[in-house]
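Worksheet: one structure, shown below.
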Amino acid sequence: MRRIRALFMRILTQFGHDRRTLALLFVAPVIVLWLLTVILDGTAASVHVAAVDLPDALSAQLAKTDAHIETVDGERAGELIADGDVAAILSMDGGALRVELEGTDAGKSQQVIAAVNEAMAGLHETYQNDVEAARRKAGSDAGASMERLRRSMASQPADPHMIEQLERIMASSQPETKAMAVSGVDVVHLHGGEDWKVFDYYGPVFIGIFLFVFTFITSGMSLVTERTGGTMTRFLTTPINGVQILAGYAGAFGALSLVQSSVILWISVSFIGFPCVGGVWLVVLTCMLLAMVSVSLGLLVSTLAKTPFQVVQMMLLFVVPQILLCGLFDLSGSPSWMQALGRCMPLTYGVEVLRDVMLRGEGWGGVWSDLLTLFAFLTVFFALGAVGFREKRARVRQR
């Protein structure tokens with residue numbers, strides 16, 4: 001028992017001396033849980049749809065559904081669906097309702113179709129009720145006319161015009177009814193098709209997350225392990241500088257990420273069945289650039305961590321928030337500050353490029369700005385890591 005108590009006190013004493021580890025143990029989980037609470041509370045429950053010049057009767061029925069309907073003109077509707085702000089455009093094509101689905105998110109497409117079906121069912125029910133009411137009114141009016149004609153025939157001699165009056169009364173008992181506002185529904189997929197599954201929308205997200213997380217852990221821990229083993233100290237006593245060390249690590253992990261991303265993409269498309277509409281070379285380039293950003297971030301974090309255990313803990317602060325805000329959850333209903341925070345994280349841009357290329361078939365012209373942003377993150381993380389290595393080099397030489 002005494003030995004167990006001694007070991008117990010030794011571990012607690014170690015944690016007491018390591019304030020950084022204590023802070024990460026308590027602060028990081030609280031931050032992650034708080035982010036999850038805000039995200040899940042703000043997740044949009046209704047699908048956003050743009051409506052262009054719809055009949056009033058149909059608009060009234062759509063307003064009763066769970067969908068959020070935004071009435072705009074055709075040009076604005078095109079901008080909204082191109083930016084991903086709406087899941088579909090509803091417009092009239094002759095007498096039929098045209099439903100243009102964005103298509104990449106099968107879950108939202110199903111919500112749109114469900115809302116349209118609900119609105120059409122309500123429209124048909126209202127139409128049937130109106131027709132039945134018109135028939136009842138016409139029958140009532142015809143009955144009153146017949147009664148007046150009967151009384152006239154009883155009090156007056158036969159009139160040859162009475163037969164014509166009787167024919168008019170019989171014709172009025174069958175009123176003319178207007179056609180229903182919408183005669184049918186035409187569904188068009190701008191991207192994808194009916195065979196796309198809900199998981200296809202999240203496939204590019206998981207590819208980006210797996211690359212980013214595992215590259216971050218391996219790069220950060222490998223550098224800390226070499227430092228704790230004394231290898232990095234011997235490096236820093238040589239003429240090699242921090243930039244060269246980082247460049248060597250980034251180049252090696254970049255080459256590994258090229259092979260890793262190629263294998264993952266091949267398995268995802270060939271065996272798992274993820275769609276890849278755009279150029280494979282652009283997907284591989286994005287994965288490689290995203291992995292190198294993760295390497296530079298891992299090397300930067302390794303300059304702050306003293307042990308491999310702290311690298312794993314710091315992942316809660318540097319990586320997990322990126323996973324939560326990169327597009328895994330729908331942030332359209334979240335606070336604006338959280339959406340802006342997501343735009344400050346490299347994984348968000350990597351996931352957007354992967355979705356644009358794999359699901360929407362975008363080429364270089366549609367994703368170059370996001371790739372340039374990823375390169376900017378790579379440059380900033382690399383520069384900060386070089387500064388950290390320079391400081392460590394100065395401390396080593398002072399000893």
Side-chain angles (χ1 to χ4, degrees), residues 11 14-15 18-40 202 204-229 232 245-246 249-250 252-254 256-257 260-261 264 286-329 331 338 341-352 354 374 377-389 392:
I11 294 174
Q14 285 181 340
F15 275 107
D18 192 351
R19 297 180 181 179
R20 184 178 300 175
T21 300
L22 283 177
L24 291 172
L25 281 175
F26 294 102
V27 175
V30 171
I31 294 176
V32 172
L33 287 175
W34 172 67
L35 282 175
L36 270 174
T37 301
V38 178
I39 291 172
L40 296 179
Y202 296 97
V205 181
F206 288 118
I207 291 176
I209 288 175
F210 291 153
L211 282 172
F212 198 87
V213 170
F214 290 120
T215 307
F216 173 86
I217 293 175
T218 53
S219 61
M221 292 188 68
S222 63
L223 202 59
V224 172
T225 301
E226 288 198 356
R227 188 169 68 239
T228 56
M232 190 56 60
I245 293 175
L246 285 178
Y249 268 88
F253 279 99
L256 289 175
S257 67
Q260 181 190 26
S261 58
I264 290 177
T286 304
C287 291
M288 185 176 176
L289 184 57
L290 187 61
M292 293 188 68
V293 172
S294 180
V295 169
S296 61
L297 179 60
L299 297 179
L300 172 61
V301 169
S302 69
T303 63
L304 306 175
K306 295 180 178 179
T307 63
F309 181 55
Q310 285 187 353
V311 174
V312 178
Q313 289 177 319
M314 287 184 179
M315 188 179 73
L316 291 174
L317 288 177
F318 290 93
V319 177
V320 173
Q322 297 195 56
I323 296 175
L324 298 179
L325 301 177
C326 71
L328 186 60
F329 298 97
L331 300 180
M338 178 164 285
L341 182 61
R343 304 302 302 175
C344 298
M345 299 182 176
L347 187 56
T348 300
Y349 295 91
V351 166
E352 283 188 357
L354 291 176
L374 279 177
F377 276 111
L378 172 61
T379 304
V380 171
F381 293 156
F382 192 89
L384 293 176
V387 171
F389 269 95
K392 287 184 178 295

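Not measured: the values here are computed from a predicted model. Computed over heavy atoms, backbone and side chain alike; hydrogens, waters and symmetry mates excluded.
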Closest approach of [X] and [Y], non-hydrogen atoms and distance?
| X | Y | result |
| --- | --- | --- |
| Ile264 | Leu211 | CD1-CD2, 3.9 Å |
| Tyr349 | Arg343 | OH-O, 2.5 Å |
| Val293 | Phe377 | CG1-CB, 4.2 Å |
| Leu35 | Pro321 | CD1-CB, 3.8 Å |
| Cys326 | Val205 | SG-CG1, 4.0 Å |
| Ile207 | Cys287 | CG2-SG, 4.2 Å |

Partner residues of Phe214 under the side-chain contact (heavy atoms from CB on, under 4.5 Å) criterion, sequence neighbours left out: Phe210
side-chain contact (heavy atoms from CB on, under 4.5 Å) involving Leu290 - partner list, sequence neighbours excluded: Phe212, Leu347, Leu374
Interatomic spacing from [atom1] in [X] to [atom2] in [Y] - rounded to 0.5 Å:
| X | Y | atom1 | atom2 | result |
| --- | --- | --- | --- | --- |
| Leu297 | Phe381 | CG | CZ | 5.0 Å |
| Met292 | Ser219 | CE | OG | 11.5 Å |
| Leu299 | Leu384 | CG | CG | 12.0 Å |
| Gln260 | Thr218 | CD | OG1 | 7.5 Å |
| Met315 | Ile217 | CE | CD1 | 4.5 Å |

Close side-chain approach of Leu328 and Phe206, heavy atoms under 4.5 Å: yes
Determine, stepwise, if the pair Thr348 / Gln322 fulfils side chain to side chain contact (heavy atoms under 4.5 Å, CB included). CA-CA 7 Å; Thr348 300; Gln322 297 195 56; over 6 Å; no
Under 3.5 Å, side chain of Ser294 to main-chain N/O of Phe216, donor-acceptor pair present? yes
So, using ring pair (Phe, Tyr, Trp, His ring centres under 6.0 Å) as the criterion, who are the partners of Tyr202 when residues are at least two apart? none
